[in-house]
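The structure under discussion appears below in the form of structure tokens.
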There are 2 protein chains.
Amino acid sequence: MTVSEDLLQRIKAKYGDLSTAQKSIAQYLLDNYEKAAFLTAGQLGTLVGVSESTVVRFANTLGYGGYPHLQKEMQEHLKRELTTVSRLQQSPGKLKGPSLVHQILENDIKNLRRTMEEISPEVFDRVVEEIGKAPNIFIIGNRSAHCLALFLAMYLELLGKRVKAVPTGVTSIFEQLTIVQTEDLVIGISFPRYTSKSVEGFEYAARRGARTVAITDSVISPLAQLADLTLIAKSDLNSFIEAFAAPLSLITALATAVGMRERENVLRSLEHLEEIWDNYRIFYHGLERGWQEPIEK
Amino acid sequence: MTVSEDLLQRIKAKYGDLSTAQKSIAQYLLDNYEKAAFLTAGQLGTLVGVSESTVVRFANTLGYGGYPHLQKEMQEHLKRELTTVSRLQQSPGKLKGPSLVHQILENDIKNLRRTMEEISPEVFDRVVEEIGKAPNIFIIGNRSAHCLALFLAMYLELLGKRVKAVPTGVTSIFEQLTIVQTEDLVIGISFPRYTSKSVEGFEYAARRGARTVAITDSVISPLAQLADLTLIAKSDLNSFIEAFAAPLSLITALATAVGMRERENVLRSLEHLEEIWDNYRIFYHGLERGWQEPIEK
DNA sequence: CCACAATTGCAGCAATTCCTGCAAAACCAT
DNA sequence: ATGGTTTTGCAGGAATTGCTGCAATTGTGG
């Protein structure tokens, strides 16, 4: 816990006693430990302009058992930085222990970051294209992913698309997919542990020649193997429940992008909807906020 | 640029040709490269449960010159993630091409952060209590919030609770809520622009003397006024679509906490479910991972 | 300028990590 | 089952990386 601080503090504490060459190493570490964490003693030495031995002795001076020990500490520091929200680190004694809520929200933040990192804007755009021009859209999603499927379906419908969420229900997925045609788009949403019905349904659709998009958690998911286009959203689960924030966010982005693509149509049909919503009092009227323009600084 | 994609793409390309042991390595790398990047071949092998040799051969199969080469690639990937994220953090929305996806995911990260700051662990715990001891639970959620309601309902059901998601459907919310009793718990989920049906239904339940919990976006939301307990999840919308990542994450945390509260019961009923799942082949079997314990340090 | 101390780099040795031949085990299709 | 193929782990040698004695260098105060 205080491990990462240790490194910085050790350097600070001993900095005065260090020799010139060692000071330059210390300097480099403070500025670039995210690079240094991966270097061998020799490489680090060359980079800083000192010999390998000096680097080793530097580690010893700081009180480490050897260079590998120092290196490990840098790596821990790095890992910590990756997974922890800086805000939490800074906020003082406010939180006694990282409560469960915090752990889970933090985990979802990590998933979102990672998703952001791995998502390919090109693929994303092409998916938006596909959704835009597809005459019919089928969305496969079972169990927990069904909620995601419904969400996507609902918004695409709002945007004037012909959409059908296809869960296993009264009729099997296959039956519901018999009407799929080659121009149609099938979006499969599935995360570990992938439900077999979803995989089979998706496979069936692919074999029938439909265009296929997978929203899943990794390139090696069974859906990704079958799909024309794959969008990755991370969903590391560290409990028995899926962490679906990232997939949901991705789906939100998808729907938004589709909306942007056909701005005119969408605005028109939204205006129309507003009227309906108003007439039928769909929304609560105590706190009506009205339409909000995309703001954000 | 394409360096980091290379690793993923290589894995995807060769994944089919890999053996079982190698697949589990691939799996581990995709989920945990931030840890794997620091490990030696031997350590990685031990962690995944295969021999060092298999790890080395895995690297070769992917086309790398050896394990160090593969390792270097993971490190590059990691470094990239670090720098990208910090860049994104520092200048939100100021990127050269701030793609829509990034904007939206980033916005959701912001929502999660603010939710994390504003959530009260005490209230959260009390809500968990309430859920735990309630004989029946009703979850009100309409339109987009319906997905959230379904999600929560599904998991609570999995945990052995008597739950009913109450959307406007064949019968009105009121009709569905006539059976509510004073010991029962009603959870209302609603975000701007609050659907009137949800507010009215929630109000009705409150007047009937049920215990009430609101999951909503602010203390001044109509639901919060009526509820015994209120959980705040931020959902700043910067488009016509709600950003529901934070509420979803909060709900995930809720369900997890409830699960933890009754660990024994839950584990027992999960074991039972595992059997059922297995017998009926609910999950896809190519990539079966089995039950994973909550790990993380 | 000299003597002495501290620091540095080299070179070779020690330790770790990685690679590969080989036999046992697992798998698979008869 | 059975024979053949593939996969796996082990063991030991190869390569890399880290450590340290020693001599050269630098720096310093007299």
Side-chain angles (χ1 to χ4, degrees), chain A residues 7 10-11 13-29 32-33 35-79 220, chain B residues 7 10-11 13-29 32-33 35-76 78-79 285-290:
Chain A
L7 173 62
R10 280 191 199 203
I11 292 181
K14 304 263 184 178
Y15 191 77
D17 306 341
L18 298 177
S19 66
T20 327
Q22 292 193 336
K23 272 181 186 164
S24 53
I25 299 175
Q27 197 64 53
Y28 186 86
L29 289 196
N32 307 78
Y33 62 84
K35 286 172 200 150
F38 300 115
L39 301 173
T40 68
Q43 292 168 330
L44 176 56
T46 313
L47 239 106
V48 180
V50 302
S51 79
E52 182 183 326
S53 337
T54 306
V55 175
V56 174
R57 284 192 268 254
F58 170 76
N60 288 328
T61 309
L62 289 192
Y64 293 105
Y67 179 73
H69 201 323
L70 165 64
Q71 193 184 34
K72 183 141 226 162
E73 193 111 323
M74 292 192 288
Q75 294 174 349
E76 290 300 326
H77 194 169
L78 207 60
K79 250 193 283 184
I220 61 172
Chain B
L7 174 62
R10 280 189 199 205
I11 291 181
K14 303 266 183 176
Y15 190 75
D17 306 340
L18 297 178
S19 65
T20 325
Q22 292 192 335
K23 273 181 186 166
S24 53
I25 299 175
Q27 193 72 57
Y28 186 85
L29 290 196
N32 307 78
Y33 59 83
K35 287 170 201 153
F38 300 115
L39 302 172
T40 69
Q43 292 169 328
L44 177 55
T46 313
L47 240 108
V48 182
V50 302
S51 77
E52 182 184 324
S53 335
T54 306
V55 175
V56 173
R57 284 192 268 255
F58 170 77
N60 289 327
T61 310
L62 289 193
Y64 293 104
Y67 178 74
H69 200 323
L70 165 64
Q71 194 184 34
K72 185 142 229 160
E73 193 111 326
M74 293 192 287
Q75 295 174 348
E76 290 300 326
L78 205 61
K79 248 190 285 183
H285 230 70
L287 291 173
E288 187 68 76
R289 290 201 206 173

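Below, chains carry the letters A, B, ... as their sequence lines are ordered, and counting in each starts from 1.
Spacing between atom CZ of A:F58 and atom P of C:dT7 amounts to 14 Å, rounded to whole angstrom units. Put simply, CG on B:L39 is 11 Å from P on C:dT17, counting in whole angstrom units. The distance from atom CD1 of B:I25 to atom C1' of D:dT7 is 12 Å, rounded to the nearest whole Å. Atom C1' of nucleotide C:dC27 and atom NZ of B:K23 are separated by 14 Å, given to the nearest angstrom. B:Q22 places its CD atom 15 Å from the P atom of C:dC27, with the value rounded to the nearest Å. D:dG18 atom P lies 10 Å from atom CG of A:L44, rounded to whole Å. Separating the CD atom of A:E52 from the C1' atom of D:dG18 is a distance of 6 Å, rounded to the nearest angstrom. The OH atom of A:Y64 sits 16 Å away from the P atom of D:dG18 (whole-angstrom rounding).
Summarising the geometry of B:A41 relative to B:V55, their closest heavy-atom pair is O-CG2, 3.7 Å, with the distance given to 0.1 Å.
When the shell of 6.0 Å around NZ of B:K72 is examined, it contains 12 or fewer heavy atoms from other residues, nucleotides or ligands.
A parallel orientation is assigned to the rings of A:F38 and B:F38, their planes being inclined by less than 30° (bins at 30° and 60°). Note on ring orientation: taking the six-membered ring where Trp is involved, the planes of A:Y33 and A:H77 are parallel (angle under 30°, cut-offs 30° and 60°).
Dashed line: the shortest gap from a side-chain N or O of B:T54 to OP1 or OP2 of D:dG9 is under 4.0 Å. Within the 4.0 Å cut-off from OP1 or OP2 of C:dA6, not a single side-chain nitrogen or oxygen of A:S19 is found. Close to D:dG18, at under 4.0 Å from its OP1 or OP2, lies a side-chain N or O of A:T40.
Paired with A:Y64 under the rule side chain to side chain donor-acceptor pair (under 3.5 Å), one option of A:H69, A:Q71, A:E73 passes, and it is A:E73.
Toward the 5′ end of DNA chain D lies the nearest nucleotide of B:T20, the other residue of the pair B:T20 and A:A59 mapping further downstream. Where A:G42 and B:D17 meet DNA chain D, the nucleotide closest to each residue was compared, and B:D17 sits on the side nearer the 5' end.
Judged by atom type and distance alone, B:S53 does not reach the base of C:dC18 through any side-chain donor-acceptor pair under 3.5 Å. Between the side chain of B:R57 and the base of D:dG9, at least one donor-acceptor pair of N or O atoms lies under 3.5 Å.
Contacts of A:V50 with the nucleic acid, taken as non-hydrogen atoms under 4.0 Å apart, involve only primed sugar atoms and P, OP1 or OP2.
In this structure, of C:dT20, C:dT8, D:dC19, it is D:dC19 that holds the atom nearest to the side chain of A:V56.
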